[in-house]
Amino acid sequence: MFVSGKDYTPRPGELRFDMFDAEIVHDIDLKDGKFGRPAGRPDADGVARAISALALSAADDDERVARGGALFEDLHKLYGRQ
């Protein structure tokens with residue numbers, strides 16, 4: 001979902017991606033090592049590739065948002081199991 005950046009308080013169990021205090025998408029976007037993960041970490045690289053494929057194959061922004069939302073919901077389930 002889209003929320004207002006720094007003013008948003010996440011709900012319990014919510015995993016943040018592309019926003020203030022996020023991790024995986026922050027690494028993909030900025031590559032600044034803020035979260036101490038080594039460059040080219042497989043999870044961030046894999047998510048970056050999946051997003052690129054989705055962006056190239058979706059017909060429009062509505063489809064990108066819908067498919068991207070489904071992708072991140074699935075990733076949330078995966079990372080929640082670790």
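These numbers come from the heavy atoms of this one structure, side chains and all, not from hydrogens, waters or symmetry mates. Note that the coordinates shown come from a computational prediction; the quantities given were computed from them, not determined experimentally. In this chain, residues are counted from 1 in sequence order.
- The two residues G68 and L54 come nearest to each other via the heavy atoms N-CD1, 3.5 Å.
- Heavy-atom minimum distance, R64 versus A58: CG-CB, 3.3 Å.
- Counting heavy atoms from C-beta on, the side chains of L78 and D74 never come closer than 4.5 Å.
- Residues passing the side chain to side chain contact (heavy atoms under 4.5 Å, CB included) test with D62, sequence neighbours excluded: D60.
- Interatomic distance, R67 CZ to I51 CD1, rounded to the nearest 0.5 Å: 12.5 Å.
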